[in-house]
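When reading the values below, keep in mind they use all heavy atoms of this one structure, side chains included, and skip hydrogens, waters and symmetry mates. Reminder, nothing fancy here: chain letters follow the sequence lines and each chain counts from 1.
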2 protein chains.
Amino acid sequence: MTLQEIAKRASVSTATVSRTINGAPTVDPTLARRVRKVIEAVGYYPNTHARALVSGRSRILGLMVSETVEPFFPQILQTFENLSFEHNYEILLSSISRERRQMEAAVRRMIECRVEGLAVLSSEKETALIELFRGQTLPIAVLDHEPPGPLLKTVSIDYKHGVREAVQHLAALGHARIALITGPARLKTAAARTIAFQECMKEIDLEIPRDLLVEGGHTLESGMKALSVIAALPERPSAVLCSNDMTAIGVMRRAFELGLNVPRDLSVVGFDDNHLAQFATPPLTTVQVSYVDIANAAFKALLKSVEDRSNESSREVSAIQSNLVLRRSTTLTARRVNDGATVKRAYKQAAAVREPKSDSESRSSGGL
Amino acid sequence: MTLQEIAKRASVSTATVSRTINGAPTVDPTLARRVRKVIEAVGYYPNTHARALVSGRSRILGLMVSETVEPFFPQILQTFENLSFEHNYEILLSSISRERRQMEAAVRRMIECRVEGLAVLSSEKETALIELFRGQTLPIAVLDHEPPGPLLKTVSIDYKHGVREAVQHLAALGHARIALITGPARLKTAAARTIAFQECMKEIDLEIPRDLLVEGGHTLESGMKALSVIAALPERPSAVLCSNDMTAIGVMRRAFELGLNVPRDLSVVGFDDNHLAQFATPPLTTVQVSYVDIANAAFKALLKSVEDRSNESSREVSAIQSNLVLRRSTTLTARRVNDGATVKRAYKQAAAVREPKSDSESRSSGGL
DNA sequence: ATGAAAGCGCTAACAG
DNA sequence: CTGTTAGCGCTTTCAT
């Protein structure tokens, strides 16, 4: 069934049918009704490919993410889905492979499908990826990318806010020796977390001895290993901040094995607030990063870029905030434990303390 | 840049360019090389929309799932992604909304994009959904659907295998009173699990008193509530099988609160083997359902249906097996606890015991 | 083996 | 306000 056929049956021109379908205001209500009736009757659905071809607009947005098997991925996808739906776009999904050939193939698909905009939500490989789109006049939204170009919209994550809350929360509980278990060095987001930690510690004049900066790998195992290292230290820290939740879970598991009670003997803070965090034992205090907000910002930036054709030069930057979510894996240090009021005060000091927006939608492990 | 332009620059006809691109065998190698050179030089990418329009083949497969925010979803999507990539299809994703209007809109999108096949991987609403595709001559792959039609490929999940392993494993450990916490009644997959349990219990002549069949809702809270009910029973069961992992986690949490030790006082078995299962305390013994296998079967069925145009009548049924995964949430009953050898023997009796294929890719909560 | 030409289904001038 | 018409970029006979 084609538009032509509808035109014939409704005894109007194809133009009128087209106008009716697209809700053009200049079409006689009587005719419009007649057309719609025929469309309804025969079960006609316009062909998007023909439409895309002639209009030059595919109404498809590309979404490239590191791994669909990542904890935050569902939230990102769901958000994109909803927004696309709302704005009448389709989304073309692709995972960013480590292999060059696969990456090129993915890029090819995006281009061949004539996506009108692209969101790259990954913490590695984005630079190489974006490079492959050189010369495509395609708006791209990406996390914290330098240098931004005219078509490059940037979504930046403010790790510092949440980390500051975490550090000050711990300090208020009496912790002075706070360790950090980092993520893999190659992830720029992990690096950003480390820097945020260092800066926030400095803000309140806390030192970070070399041996309290332990490299992790954002995995359960790396967290376990890191805690073994930390536990063997001559002067053990009383709290540890982890670069993601999975690491924190590993830390808690190893702590348990070593007979260390969390939080009594060791306060643990995670990062991301994925699904596991709230179900951990004890439930994990963590720096929440809202992937919904991130996806939202990326989509909006893209949409704006696609709909306007003018503002090509305004390289937008949308900043997403992180926040501490208080649960049960942190508490007073031993020397403060007798001071009953202190714990309450400390909890209050963690300014933006709140449960995440949609706890039940959170997911596990990883982080962008 | 268009195919025409390439033809001009390579001084050949558009037909030759088309043939070259599509790897037709009847094109002179010299010409082909010349064409490819131009294509490479100018960075030409064929337009899939034009291609789809003229060829009548979109090379798009639809995938509809209940909620992208579901634990098993990433595995399904990833599997589809990989396979699509491999076979040069794109996938059009849509979540199955509870609202009628949204559902219709999703169906419309699928049809307008001219998807060549559709996988519906959901445990509710599929019948209504499929109904909306009536008269579309579109191959559809769906979970256990009755009645199967000529274009309806069915993927069925054999819950009984895994449940049998679970029940016999528990029986071997000395458990005679085994409770079941069901899922929501509206989910046909949950109902199937319940039936499998009843049948497997009957197989080994174990009774299921009315009060050992407790309705749950596949949520943490429902698991907690269900255990409260069970714990209050005059004659408490020594083991409980849950309709999904989330329920089992809730059971374990409430058990902990009630001072019941899992597995010593109560053996707990989950269902699905999602991400949480292995990280639970204690790690959860569970009936694993491989969503990778399910997605794989659905895709393959679809592909076959799309590529052949003949076998429209062969309504395939691919059966996916479930298996028990042994972890630490089950053990001997009190009366057997003194018999040292028994536990080993029991573990051996659970025939197909093994760790899941890719533990680290599993996800949390829910179940199809 | 290659080219010329006819559309695929739709939109958007343009003319009326 | 409506209709006519010219393509959008590609594949595919059908000749040659």
Side-chain angles (χ1 to χ4, degrees), chain A residues 1-36 38-39 42-60 88 90 108-116 136-137 309, chain B residues 1-36 38-39 42-60 88 90 108-116 136:
Chain A
M1 195 45 66
T2 72
L3 184 145
Q4 282 223 43
E5 186 67 19
I6 303 295
K8 195 185 297 173
R9 301 205 188 191
S11 314
V12 295
S13 69
T14 60
T16 299
V17 178
S18 177
R19 288 186 189 112
T20 305
I21 290 172
N22 298 305
T26 67
V27 57
D28 185 297
T30 318
L31 282 195
R33 214 174 307 120
R34 203 163 78 209
V35 170
R36 271 194 280 272
V38 176
I39 288 178
V42 303
Y44 163 76
Y45 294 89
N47 183 323
T48 55
H49 303 291
R51 209 197 286 247
L53 185 57
V54 64
S55 70
R57 299 215 36 194
S58 65
R59 297 202 77 83
I60 301 179
N88 264 288
E90 303 301 336
R108 170 179 307 280
R109 294 199 312 166
M110 292 286 163
I111 298 175
E112 291 189 349
C113 286
R114 301 295 190 265
V115 297
E116 298 187 49
Q136 287 296 322
T137 43
R309 13 197 333 87
Chain B
M1 194 46 66
T2 71
L3 184 143
Q4 282 225 42
E5 186 67 18
I6 302 296
K8 194 185 297 172
R9 301 206 188 190
S11 312
V12 295
S13 70
T14 60
T16 300
V17 177
S18 177
R19 288 186 189 112
T20 304
I21 289 171
N22 297 307
T26 69
V27 58
D28 185 296
T30 318
L31 281 194
R33 214 175 307 119
R34 202 162 81 210
V35 170
R36 270 194 281 269
V38 175
I39 287 178
V42 304
Y44 164 76
Y45 294 89
N47 183 322
T48 54
H49 303 291
R51 207 195 285 244
L53 185 57
V54 64
S55 70
R57 300 216 34 197
S58 66
R59 298 201 76 82
I60 302 178
N88 263 289
E90 303 302 336
R108 172 180 306 281
R109 294 200 311 166
M110 293 286 162
I111 298 175
E112 291 188 351
C113 285
R114 300 297 190 264
V115 298
E116 298 186 47
Q136 289 296 322

Q. Could you give the start and end, 5' to 3', of the contact zone on DNA chain D for chain A, using atoms under 4.0 Å from its heavy atoms?
A. D/dC1 to D/dG9
Q. Which part of the nucleic acid does A/V17 contact within heavy-atom distance under 4.0 Å: base, sugar-phosphate only, or nothing?
A. nothing
Q: Measure the OG1-CG distance between B/T16 and B/L3 for me, rounded to the nearest 0.5 Å.
A: 10.0 Å
Q. Does B/S13 make a side-chain N or O approach to OP1 or OP2 of C/dG3 shorter than 4.0 Å?
A. yes
(Q) Surrounding CZ of B/R108 (heavy atoms of other residues, nucleotides or ligands, distance under 6.0 Å), is the total greater than 12? (A) no
Q: Please determine, by modelled atom types, if A/R51 and A/N22 share a side-chain donor-acceptor pair under 3.5 angstrom.
A: yes
**Q.** Within residues 24-35 of chain A: residues closer than 4.0 Å to DNA chain D (heavy atoms)
**A.** A/T26, A/V27, A/D28, A/L31
Q. What's the spacing between A/C113 SG and B/H49 NE2 if we round to 0.5 Å?
A. 6.0 Å
Q: Kindly compute the distance separating CZ (A/R19) from CG (A/L31), expressed to the nearest 0.5 Å.
A: 10.5 Å
**Q.** Value in whole Å for how far the C1' atom of C/dA12 lies from CZ of A/R57
**A.** 15 Å
Q: For A/Q136 and B/Y45, work out which heavy atoms get closest and say how close.
A: NE2-CE1, 3.8 Å
Q. CD1/A/I60 to CE/A/M110 distance, rounded to the nearest 0.5 angstrom?
A. 9.5 Å
Q: Mind listing the residues from residues 48-56 of chain B sitting with a heavy atom below 4.0 Å of DNA chain C? Number order is fine.
A: B/L53, B/V54
Q) What's the CD1-C1' distance between A/I21 and C/dT11, to the nearest Å? A) 11 Å
Q: Would you mind checking if B/R59 and B/E116 are paired as a salt bridge, meaning a charged N to carboxylate O distance below 4.0 Å?
A: no
